[in-house]
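Remarks on the structure that follows.
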2 protein chains.
Amino acid sequence: MVKYCSDLTDRSSFIWKKYTVSPEPIPFRKISKRSQNQKIILKAAEKVFAEAGFAGATTQLIADVAGLPKANVHYYFKTKEELYRRVVYNIFDTWMEAASAFDTALGPKEALSRYIDMKMDLARSHPYGSKVWAAEIMHGAPIIQDYLEGQLLDWSKDRGQHIERWIKNGEMDPIDPAHLLYLIWSTTQHYADFGHQIETLNGGRPFSDAQWKAAKRSVKTIILKGVGLTPD
Amino acid sequence: MVKYCSDLTDRSSFIWKKYTVSPEPIPFRKISKRSQNQKIILKAAEKVFAEAGFAGATTQLIADVAGLPKANVHYYFKTKEELYRRVVYNIFDTWMEAASAFDTALGPKEALSRYIDMKMDLARSHPYGSKVWAAEIMHGAPIIQDYLEGQLLDWSKDRGQHIERWIKNGEMDPIDPAHLLYLIWSTTQHYADFGHQIETLNGGRPFSDAQWKAAKRSVKTIILKGVGLTPD
DNA sequence: ATATTTTTTGACTATATGGTCAAGTATTGT
DNA sequence: ACAATACTTGACCATATAGTCAAAAAATAT
């Protein structure tokens with residue numbers, strides 16, 4: 001699967017190779033230190049951006065969470081905005097990779113089922129990224145607008161056409177594909193973005209493995225039946 | 001329907017009456033000016049908080065949007081946090097009022113159908129409030145936690161019990177009520193919170209009346225069929 | 001060994017912003 | 001008319017924070 005915008009680390013090593021005269025092997029010790037620290041900072045930033053918002057996130061707090069002095073954060077990421085960009089790009093990449101789980105070669109039941117599973121897994125494994133994404137969209141997608149108009153639109157159109165084909169073939173009930181996609185996105189991401197509310201209504205306790213399993217099951221059941229498919 | 005936390009305006013006029021000796025009629029000119037300005041400020045604040053987040057919202061910008069000098073905003077609302085509180089309380093009130101549309105005296109089909117309609121209407125009429133709510137929850141509900149644990153939990157439990165009764169009576173398919181509620185909340189609110197993304201995928205144009213109608217229809221169709229009911 | 005590059009970090013600065021204040025204006029009560 | 005109260009607003013201040021910098025330490029190349 002193609003990585004669209006992240007992996008600047010690898011790219012910078014590539015640039016380094018390109019513009020350096022030496023044909024020697026990549027000094028991976030340095031590269032590794034760079035990418036290692038960047039990874040730590042990005043992870044901390046994702047958490048802080050998710051919990052405090054872009055404006056509320058201070059580089060000092062990000063540094064603290066990363067366990068580094070603030071100046072060090074600015075050494076690896078020139079500005080807060082650049083750091084934020086990278087976080088947003090990363091989650092978009094992750095999601096686009098997962099989007100391949102919507103495999104139209106399979107029938108509608110399997111394709112939708114696997115896609116929902118994948119999105120639920122991501123909601124559980126990447127809750128901070130999901131929240132950062134939600135905030136980015138809510139604020140008008142100042143950073144990610146190009147990707148919405150490009151890759152996301154392309155992907156949606158493509159999957160929409162497949163859904164329409166399934167409908168024409170009588171493999172599922174007629175439904176506007178766009179609304180079906182929105183319903184899947186919203187429902188699955190809700191378990192990340194509104195995790196706090198769900199936890200509160202769950203007696204203040206986070207979901208157990210069994211509860212996550214039940215959640216996936218419930219979501220799949222309603223959606224599949226909702227479009228005329230028979231869940232297992 | 002009871003108002004839970006807003007209407008400080010009315011309450012302050014009540015206090016005024018209480019502690020003033022005069023038995024004269026309420027000087028509604030002043031009160032009206034107060035509540036009028038507060039309303040303007042609250043509306044501006046809702047928009048700015050939604051678009052910029054709590055930390056990103058400046059009192060100066062709120063004042064500009066409201067068309068007032070900043071000091072005037074602080075005259076009516078001591079602190080930014082107090083203003084934010086009021087905005088959050090207002091949307092919670094609005095939603096709790098709408099929650100009565102989930103009328104369990106009706107059958108499951110009518111109750112769910114009307115509730116979804118109501119939530120979709122609110123997503124359209126109160127998109128800023130919805131976004132502020134989403135951000136509040138994503139940041140751990142620092143302001144509204146009490147209400148989650150109180151009224152929202154109570155309401156959810158109550159409606160959950162009714163849903164379970166319907167299931168026991170064979171009026172709808174067995175489904176965990178909590179997940180059904182989450183699915184309804186997430187799907188409907190998505191049209192507000194991710195309105196920008198939806199608009200982008202809609203060719204950059206906001207939904208027309210017809211598209212909103214279609215959206216409501218699609219959502220209701222999938223959810224009702226998803227729980228074994230037959231949408232009209 | 002020594003030069004060179006990369007990384008670390010405390011100290012510093014410029015700026016933005018929440019909130020205050022006092023002086024003035026409008027409104028209302030008597 | 002006049003006193004009292006409510007509202008308006010420009011100017012101001014204290015603080016927080018993104019970003020800089022220079023000096024040193026560490027790693028790497030030759």
Side-chain angles (χ1 to χ4, degrees), chain A residues 8-9 12-13 15-17 19-41 44-45 48-49 52-87, chain B residues 8-9 12-13 15-17 19-41 44-45 48-49 52-87:
Chain A
L8 251 186
T9 292
S12 68
S13 79
I15 287 168
W16 183 89
K17 273 173 77 180
Y19 289 102
T20 302
V21 187
S22 98
E24 274 85 28
I26 309 166
F28 78 90
R29 181 69 177 286
K30 278 190 184 172
I31 294 295
S32 139
K33 178 130 211 178
R34 263 197 99 73
S35 73
Q36 193 181 322
N37 277 342
Q38 285 183 337
K39 216 166 270 177
I40 290 170
I41 294 168
V48 175
F49 282 133
F54 177 79
T58 65
T59 53
Q60 182 63 64
L61 181 54
I62 293 170
D64 291 347
V65 172
L68 297 168
K70 188 181 71 154
N72 209 336
V73 170
H74 275 98
Y75 173 71
Y76 286 110
F77 300 92
K78 221 57 183 160
T79 65
K80 187 166 89 157
E81 185 181 315
E82 185 190 322
L83 182 49
Y84 174 74
R85 285 189 125 82
R86 290 287 305 276
V87 170
Chain B
L8 252 185
T9 293
S12 69
S13 80
I15 287 168
W16 184 88
K17 273 173 76 180
Y19 290 102
T20 302
V21 188
S22 96
E24 273 86 28
I26 309 167
F28 77 90
R29 180 73 175 283
K30 278 188 184 173
I31 293 295
S32 139
K33 178 131 210 176
R34 259 196 103 72
S35 72
Q36 193 181 324
N37 277 343
Q38 285 184 336
K39 216 168 270 178
I40 290 170
I41 294 168
V48 175
F49 281 133
F54 176 79
T58 65
T59 53
Q60 183 63 64
L61 182 54
I62 291 170
D64 291 348
V65 172
L68 297 167
K70 189 179 70 155
N72 209 334
V73 170
H74 276 98
Y75 174 72
Y76 285 109
F77 300 93
K78 220 61 184 156
T79 66
K80 186 165 91 157
E81 186 182 314
E82 184 190 323
L83 182 49
Y84 174 74
R85 285 189 125 82
R86 289 287 305 276
V87 169

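Below, chain A is the first sequence line, B the second, and so on; all start at residue 1. All values below were derived from every heavy atom in this structure, side-chain atoms included, with hydrogens, water molecules and symmetry-related copies excluded.
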Separation of D:dA16 atom P from B:Phe54 atom CZ, nearest Å, is 15 Å
Of the listed nucleotides (C:dT9, D:dC7, C:dT7), which one gets closest to any side-chain atom of B:Arg34? D:dC7
Rounded distance in Å - NE2 (A:His74) to C1' (C:dC12): 14 Å
Identify whether any heavy atom of B:Ala57 sits under 4.0 Å from a base atom; if not, whether one sits that close to sugar-phosphate; answer base, sugar-phosphate or nothing. sugar-phosphate
Would you confirm whether A:Lys70, through its side chain, and A:Thr58, through its main-chain N or O, come within 3.5 Å as a donor-acceptor pair? no
Residue-phosphate contact under 4.0 Å: A:Lys33 side-chain N/O, C:dT8 OP1/OP2: yes
Atom CG of B:Asp64 and atom C1' of D:dT9 are separated, to the nearest Å, by 14 Å
Length of the line joining A:Lys80:NZ and C:dT15:C1', which is rounded to integer Å: 14 Å
Applied to residues 56-77 of chain A, the ring-ring contact (aromatic ring centres under 6.0 Å, His included) test, sequence neighbours excluded, yields none
Measure across A:Ala63 and A:Pro69 and return the closest heavy-atom pair with its distance rounded to 0.1 Å. CB-C, 3.9 Å
Counting only side-chain nitrogens and oxygens, does A:Thr59 get under 4.0 Å of the OP1 or OP2 atom of D:dA18? yes
Whole-Å distance separating the CD atom of B:Glu82 from the C1' atom of C:dG19: 13 Å
In whole angstrom, give the distance that lies between atom CG of A:Leu61 and atom C1' of D:dA18. 14 Å
Quick check on DNA chain D: between B:Asn72 and A:Glu81, whose nearest nucleotide comes earlier from the 5' end? B:Asn72
Figure out the CD/C1' separation between B:Gln60 and C:dT17, and round it to whole Å. 9 Å
Which residue lies toward the 5' end of DNA chain C, A:Lys70 or A:Tyr76, if each is placed at its nearest nucleotide? A:Tyr76
Within the pair A:Tyr75 and C:dT7, is there a side-chain N or O less than 4.0 Å away from OP1 or OP2? yes
Any A:Asn37 side-chain N or O less than 4.0 Å from OP1/OP2 of C:dT6: no
Taking CG from B:Leu68 and P from D:dA6, how many angstroms apart are they, rounded to a whole number? 19 Å
Atom pair CG (A:Asn37) and CG (A:Asn72), whose distance is rounded to the nearest 0.5 Å: 6.0 Å
